[in-house]
There are 2 protein chains.
Amino acid sequence: MVNFDLGQFINEHRKAAGLTQIQLADLAGIGKTTVFDIEKNKKSVRWDSLMAVLDVLNIDVQFISPLKK
Amino acid sequence: MVNFDLGQFINEHRKAAGLTQIQLADLAGIGKTTVFDIEKNKKSVRWDSLMAVLDVLNIDVQFISPLKK
DNA sequence: TAAATATTACTGCCTTAGCGGTAATATCTG
DNA sequence: CAGATATTACCGCTAAGGCAGTAATATTTA
């Protein structure tokens, strides 16, 4: 997961879903600017904004640690 | 990953690491208030703040989707 | 129990993410 | 190519996240 390009990952999934940035923004309930920022790997976006996008694109998030849970 | 309690997950890892909230905040380069908010599952925190905490605690993030990568 | 430490909560200030509107490119499509 | 569509970029405004300081509880430890 080092240097993982989340922006590109999301971009690919958005296009695979046949959505424009504006459509994705509307579905996620956020602004188009934020979608653009996320795909450009802006790190200071809000966690819930990112989650909303991942949810629309059916992308799951997993937290892995040596202290397996 | 439905209804995953990230706040508690982080709380457990912080204690396993023997860190107080203030120590974790300092190591992550963020304020103690933010660490508190994260452990309380505040969703509107910034993505980079959360990442900084996960990094200190050696927790990896993985994004999973049907369109396997 | 008492003292020390940690967590939770609240306050006010400052910074900035998020936003829509707009426009300039870039890309797709007939 | 020309038109339509999409992406990228920039602009101010506003709401709210982040912060240190402080204090009230809660927890731990001697």
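All heavy atoms count here, side chains included; hydrogens, waters and symmetry mates do not. Naming convention: chains lettered A, B, ... in sequence-line order (proteins, then strands); numbering from 1 in each chain.
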Quick one: Asp37(B) CG to dC10(C) P, roughly how many Å, whole number? 12 Å

Polar atoms only, N or O, under 3.5 Å: list the protein pairs with nucleotides 4-9 of chain C and their distances.
unit_1	atom_1	unit_2	atom_2	d
dT7(C)	OP1	Arg14(B)	NH1	2.6
dT7(C)	OP1	Arg14(B)	NH2	3.0
dT7(C)	OP2	Gln21(B)	N	3.1
dT8(C)	OP2	Gln21(B)	NE2	3.1

Out of Asp5(B), Val35(B), Val53(B), which residue meets the side chain to side chain contact (heavy atoms under 4.5 Å, CB included) rule with Ile10(B)? Val53(B)

Nearest 0.5 Å, please: how far is CD in Glu39(A) from CG in Leu24(A)? 7.0 Å

Is there a side-chain contact between His13(B) and Ile59(B), using heavy atoms and a 4.5 Å cut-off? yes

Measure NZ/Lys43(B) against C1'/dG17(D) and give the value in whole Å, please. 16 Å

From Arg14(B) CZ over to Thr20(B) OG1, what is the distance, rounded to the nearest 0.5 angstrom? 7.0 Å

Rounded to the nearest 0.5 Å, what separation is found between the NZ atom of Lys43(B) and the CE atom of Met51(A)? 7.0 Å

If two hydrophobic side chains count as joined below 4.5 Å and joins carry through other members, does Leu54(A) share a cluster with Phe4(B)? yes

Those residues of residues 44-58 of chain B lying under 4.0 Å from DNA chain D by at least one heavy atom: Ser44(B), Val45(B), Arg46(B), Ser49(B)

To the nearest 0.5 Å, what is the distance between CG (Leu50(B)) and CZ (Phe63(A))? 6.0 Å

Do NZ/NE/NH1/NH2 and the carboxylate oxygens of Asp37(B) and Lys42(B) come within less than 4.0 Å? yes

